[in-house]
Novice: 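Shown below is the structure under consideration.
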Amino acid sequence: MSLGERPRPQVDRDSAPWWEAVRRHELLVQECVDCGTLRFPPRAICGRCRSRRSGWAPVRGTGRVASWIVNHQVFMRAFADEVPYAVLHVRLDEADDLFMYGDLAGADPADVTPGMPVQAVFTDIDDDLTLVRWRPR
Amino acid sequence: MGLRDRAAIAGVGYTPFSKDSGVSTLTLAIDAILAALDDAGLSVDDVDALATHRVGDSTPPWVVAPALGIPEVSWYLDQFGGGSVSHAVIGQAAMAVATGVARTVVCYRAINARSEFRMGGTGRGVAPVYDAQYQAPYGYFAPPQQFAMFTRAHMLKYGTTHEQLGSIAVGQRANAAKNPQALKRDPITIEDYLASRWIAEPLRLLDCCLETDGACAVVVTSAERARDLAAPPVLISGAVWGGGDSFLSGQGGDFTVSEAARIAPRLYAMAGVGPEDIDVAELYDCFTYSVLVQLEDYGFCAKGEGGPYAASGAIRPDGALPVNTHGGFLSEGYVHGINHVAEAVAQLRGTAGDRQVSGAEVALSTAQPGYVLAGTSALILRADR
């Protein structure tokens, strides 16, 4: 099995620009034009000030591990050769309420620690898909 | 006034629980509905409404009603959602009865959750839920994984331990030993728990509920009418659903607080009681952690103290708050929430046999506390005596 057999993201009309940026190895979040709040996942409105005006802002791709799991059960055959693997819930350095999920790259699941600093890495799966993963920094 | 005591549960019915029912979810629904009507002393001809919830895994009311030959359906509910809406279905039935929209509602949940549709994703694809695109490609999509993530956060913030989680699994198994219809009745020890294999760290096999084939149904009608029927009425004193944060998307990032904390004040206010008045609690236990966090968020102990509280014995049958007296989803079986309501009814009728909590008059029964979809639901039920 390989990364290419993982479930593909079901990209929608809100998320398409985000995935296209990831394809270019750029990590973006939405930024409210009126109150400056950063948000992810993409939405058509700012949940804080209700502004409909937003742009895309680059983030550094750095964060800290807020929580994580080490998965052992093979819930889907595509992951049969990858267990045990870690999935991280990463708090981005730009804001306390800005999170992304991703798997651990370039380290052993047993080495994950609370608050561990991580860096986003971009893994090109095939001609159409790039995934954001996280490595210790 | 709200809904307090205006509607009642007048009947309860089950199918057997198993790993392979050998029948369709339609047949399971029919069996459970007929059993519940029999318990209430009613017939299909008395039914004018059906209500259920599902996530593409069951048979809807508009198939069940004509199959049963219900003469005329005046209201039905086909709610999207899993365990978080289980109690909302019954709450909405109470609302339909209280407003006169319906007279006799049968709420049911029928699933072949082991032989046909496994919640863990095993043998099927990723559920088509919003924001799964940001998680599933990383191998994160199954409920045990999600609850493992929340459990870890609680461990990091409050020092919750594996032994505390294990005490919930061990205690509920002991409860199931006294329940003839429970799937798992052999006692387990904390050593058994700690030796069980990892599913998704920090959760082990014995932290996880059973995947079960089965159905359960309850009859909801007005309190006045219920008093004239065959079984002692159980009043729906509080029925609340709602919430806000979606943990699925990763928004609302504090995994240590569930949506139960948000709805609990409204629930207690509607019923006119507080946590100290609850005699027995059937708390949604898809995983041990969901019990632990609800002990905090429904106000039975301080925030962060769910682990020590559970391990203290307080939730055992002889403790201050007997919890999941039937063994729960961990040991009785998993019918996605409604079997918690059925057990609460048995406790309030005083018909729970060897597991009866002496003098139980007020019960709390709860749904999945809002982690996977944004929101939860719960009922406070009261004996009518």
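Naming: A, B, ... by sequence-line order, numbering from 1 per chain.
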Novice: Test side chain to side chain contact (heavy atoms under 4.5 Å, CB included) on B:Y138 and A:R6 and set out the steps.
Specialist: CA-CA 8 Å; B:Y138 308 110; A:R6 293 180 174 200; 4.1 Å; yes

Novice: Can you confirm whether more than 12 heavy atoms, excluding those of A:R24, are under 6.0 Å from its CZ atom?
Specialist: yes

Novice: Is the count of non-hydrogen atoms from other residues, nucleotides or ligands lying under 6.0 Å from A:R48 atom CZ greater than 12?
Specialist: no

Novice: Which bit of A:V83 is near chain B, if near means a heavy-atom gap under 4.5 Å: side chain, backbone, both or neither?
Specialist: neither

Novice: What pairs with A:W18 under ring pair (Phe, Tyr, Trp, His ring centres under 6.0 Å), at least two apart in sequence or on another chain?
Specialist: A:F40, B:Y134

Novice: Verify side chain to side chain contact (heavy atoms under 4.5 Å, CB included) between A:I69 and B:E201, making sure each step is shown before the conclusion.
Specialist: CA-CA 5 Å; A:I69 67 167; B:E201 292 178 57; 5.9 Å; no

Novice: Nearest 0.5 Å, what's the OH-CG distance between A:Y101 and B:D131?
Specialist: 9.5 Å

Novice: Between B:F141 and A:F75, how do the two ring planes meet: parallel, tilted or perpendicular, split at 30° and 60°?
Specialist: perpendicular

Novice: Distance alone, cut at 3.5 Å: any donor-acceptor contact between the side chains of B:R197 and A:Q73?
Specialist: yes

Novice: As an exercise, state the distance from CG of A:D14 to CD of B:Q133, rounded to the nearest 0.5 Å.
Specialist: 8.5 Å

Novice: Which pair of non-hydrogen atoms, one from A:N71 and one from B:I199, has the smallest distance, and what is that distance?
Specialist: OD1-O, 3.7 Å

Novice: For B:W198 and A:V70: C-alpha separation, side-chain torsions, deciding distance, then whether side chain to side chain contact (heavy atoms under 4.5 Å, CB included) applies.
Specialist: CA-CA 9 Å; B:W198 292 120; A:V70 180; over 6 Å; no

Novice: Using a 6.0 Å cut-off, check whether atom CG of B:D186 has over 12 heavy atoms from anything other than its own residue.
Specialist: no

Novice: Heavy-atom cut-off 4.5 Å, strictly under: side chain, backbone, both or neither for A:I125 against chain B?
Specialist: neither

Novice: Which value, rounded to the nearest 0.5 Å, describes the distance between A:D97 atom CG and B:D254 atom CG?
Specialist: 11.5 Å

Novice: Could you please spell out the steps behind the side chain to side chain contact (heavy atoms under 4.5 Å, CB included) verdict for A:V87 and B:M149?
Specialist: CA-CA 9 Å; A:V87 180; B:M149 193 72 86; 4.2 Å; yes

Novice: Return the NE2 to OG distance between B:H154 and A:S67, rounded to the nearest 0.5 Å.
Specialist: 12.0 Å

